[in-house]
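Here is the structure we will look at, set down as structure tokens.
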Amino acid sequence: MSRIEARRDEDTVAAGPLVDRLLGNLPPEAVLTDPDVTASYANDMASFCPAGSPAVVVLPRTVEQVQHVMRTATELRVPVVPQGARTGLSGAANATDGCVVLSLTRMDAILEISPVDRIAVVEPGVVNAALSRAVGEHGLYYPPDPSSWETCTIGGNIGTASGGLCCVKYGVTAEYVLGLDVVLADGRLMSTGRRTAKGVAGYDLTRLFVGSEGSLGVVVRAVLALRPKPPGQLVLAAEFASSAAACDAVCRIMAGGHVPSLLELMDRTTVKAVNDMARMGLPESTEALLLAAFDTTDPAADLAAVGALCEAAGATQVVPAEDAAESELLLQARRMSLVALEAVKGTTMIDDVCVPRSRLGELIEGVERISEKYRLTIGVVAHAGDGNTHPTVCFDAADPEESRRARESFDEIMALGLELGGTITGEHGVGVLKKEWLAREIGPVGLEMQRAVKQVFDPLGILNPGKLF
């Protein structure tokens, strides 16, 4: 039994004394206690992930206020759940009973943008899209762009090591985090990393915090690497009579040395869902739709080369966008895929299996078999260029039998991903949803080492308990 569990068994710290201690160094408007309000902070967007009832929600504006929360929590042995915008899909931001929810959305300042050093220094509550637009005014570019980029925060992106549509060329969040300021479980402030172009001093603790889901410390500032803003991209859409042919095209494109800024796949189920929701006019006769984009100085030439490879793989139609407006329309369709699939039955479970590109076709074929086995609609949308797929199980949450089949199919997809040499999560994180599967992927020795790291940073187990493992 953990120390937090032991204290909870004795009786969770009464909300009154906890709130009084918090108000000692926090303004009243930063401390929310109304149960109807605090309940709205209980969970993120993941299905099948239990969430508890927080004792209090704190919305700090300063580093010192975060430190006060952590010192208080340590003294009273109260769990703390750090949160961003709660757009996550693994339950990593879900509250536990009697916890302090530490919502960092009000720490939303862009502190610095340096065109010379090509960095931005930001607080964790900065919205991804807001940062992208701000650095764009300086001719710079922050590449990580999750589908929820208009609402998700940089702190949340760091916590889950999120990706996005452009990862095939530019990489994921971890590759852009140079340094962090982190409030530890006992309230101490630690700085990691650097703001220089190079630096190898000591262990890379910055990378350790990226993807740790708030279980090791609370990120209160980040130094992010930027790139020069690329030219506007053009998009090509290719239709295929089978997912296998589309995946063959992906392999041909990557083996040919091409570096698209985006390479996305939508299956027939996903295309139909997007059309039903938004009347986008996408071709529903196709079994798979592949979107490829280039942001080079001559994107039309790159698209022509990729179009030829798609035709060689069996594409039934290849249509390059004529301008930025057409390209943006196709990207909008891709970005709304997950929302459109949710509308099919009202609830979804979104898998995040990533496999080697060479095994992508096998995974999608396997998902089709799983869909038939469990008599469920499962749409597949994928960052095909890096093998990261999002098989999305659509079901009626009010139907217990269908919900059971949804959960079983979700697990079977993860098992298939591991069998194909992949990972259970490419960008959404482990959270609550996949913590049983983490042990299967990393093995007993890996799990022991990860728990040992957690013990070093959080000996009382108060930071986001119940997540990861």
Side-chain angles (χ1 to χ4, degrees), residues 165-169 233-276 278 280-296 298-337 340-341 355-369 371 378-392:
L165 275 63
C166 69
C167 295
V168 61
K169 179 174 182 177
Q233 63 182 358
L234 284 181
V235 179
L236 170 149
E239 300 177 40
F240 293 87
S242 70
S243 294
C247 293
D248 180 34
V250 171
C251 292
R252 290 171 185 255
I253 291 166
M254 301 310 294
H258 297 282
V259 187
S261 55
L262 173 147
L263 191 56
E264 299 287 305
L265 184 147
M266 301 164 64
D267 73 351
R268 178 178 59 181
T269 299
T270 305
V271 169
K272 183 179 185 306
V274 170
N275 277 344
D276 288 346
M280 298 290 289
L282 298 175
E284 292 189 15
S285 59
T286 185
E287 288 295 317
L289 184 67
L290 190 65
L291 303 179
F294 285 87
D295 57 4
T296 54
D298 189 5
D302 291 311
L303 289 182
V306 164
L309 292 174
C310 288
E311 290 173 345
T316 57
Q317 188 171 8
V318 176
V319 182
E322 293 185 358
D323 53 33
E326 285 188 8
S327 296
E328 183 56 33
L329 189 65
L330 289 169
L331 295 183
Q332 285 180 11
R334 167 59 187 87
R335 287 188 184 279
M336 67 175 61
S337 295
L341 286 167
V355 296
R357 298 183 192 100
S358 58
R359 312 298 297 274
L360 182 60
E362 294 174 74
L363 178 72
I364 294 177
E365 288 176 358
V367 170
E368 292 173 357
R369 292 193 297 271
S371 176
I378 304 179
V380 178
V381 59
H383 308 304
D386 49 31
N388 192 183
T389 69
H390 298 311
T392 303

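The side-chain heavy atoms of Met254 and Val168, taken from C-beta on, include a pair separated by under 4.5 Å. Side-chain contact between Pro299 and Asp295: absent, with no pair of heavy atoms (C-beta onward) separated by less than 4.5 Å. Thr392 places none of its side-chain heavy atoms less than 4.5 Å from the side chain of Ile378. A heavy-atom distance below 4.5 Å is found between the side chains of Leu282 and Leu330. The side-chain heavy atoms of Lys169 and Pro260, taken from C-beta on, include no pair separated by under 4.5 Å. A 4.5 Å side-chain heavy-atom check between Cys310 and Val318 finds at least one atom pair inside the cut-off. By the 4.5 Å heavy-atom criterion applied to side chains, Thr389 and Leu360 are counted as neighbours. Using a 4.5 Å heavy-atom cutoff, the side chains of Val250 and Leu290 are in contact.
Closest heavy-atom contact between Ala292 and Val306: CB-CG1, 4.1 Å. Contact detail for Ala288 and Ala246: the closest heavy-atom pair is CB-CB, 3.8 Å. The minimum heavy-atom distance linking Leu234 with Ser327 is given by the pair CA-OG, 3.4 Å. Minimum interatomic distance between Gly314 and Phe240 (heavy atoms only, all atoms of both residues): C-CD2, 4.0 Å. Here the closest heavy-atom approach between residue Ser243 and residue Glu287 is recorded as OG-O, 4.1 Å. The shortest heavy-atom contact between Cys167 and Asp386 is CB-OD2, 3.2 Å.
How far CG of Leu341 is from OG1 of Thr269: 7.5 Å, rounded to the nearest 0.5 Å. Taking CG of Asp267 as the reference point, atom OG1 of Thr286 lies at 9.5 Å (rounded to 0.5 Å). Note: Leu331 CG to Leu291 CG = 7.0 Å, rounded to the nearest 0.5 Å. Interatomic distance, Leu363 CG to Cys247 SG, rounded to the nearest 0.5 Å: 8.5 Å. Leu289 contributes atom CG, which lies 11.0 Å from atom CZ of Arg334 (distance to the nearest 0.5 angstrom). Between the OG1 atom in Thr270 and the CD atom in Glu264 there is a gap of 11.5 Å [rounded to 0.5 Å].
Panel note: side chain Arg357, backbone Gly385; a donor-acceptor pair is recorded below 3.5 Å.
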**Asked** What's the verdict on side chain to side chain contact (heavy atoms under 4.5 Å, CB included) for His258 and Phe294, showing C-alpha distance, side-chain angles and the deciding distance?
**Response** CA-CA 9 Å; His258 297 282; Phe294 285 87; 4.2 Å; yes
**Asked** Can you list the steps and then say if Leu165 with His383 is a side chain to side chain contact (heavy atoms under 4.5 Å, CB included)?
**Response** CA-CA 6 Å; Leu165 275 63; His383 308 304; 3.9 Å; yes
**Message:** side chain to side chain contact (heavy atoms under 4.5 Å, CB included), that's the test. Do Glu326 and Val235 meet it? Break it down for me.
**Reply:** CA-CA 8 Å; Glu326 285 188 8; Val235 179; over 6 Å; no
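In the displayed structure, Arg359 atom CZ is contacted under 6.0 Å by more than 12 heavy atoms of other residues, nucleotides or ligands.
With no hydrogens or angles considered, a side-chain donor-acceptor pair links Gln233 and Ser261 at under 3.5 Å.
Salt-bridge check for Glu284 with Lys272: failed, with every basic side-chain N at 4.0 Å or more from each acidic carboxylate O.
In this structure, the side chain to side chain donor-acceptor pair (under 3.5 Å) partners of Asp248, at least two apart in sequence or on a different chain, are Arg252.
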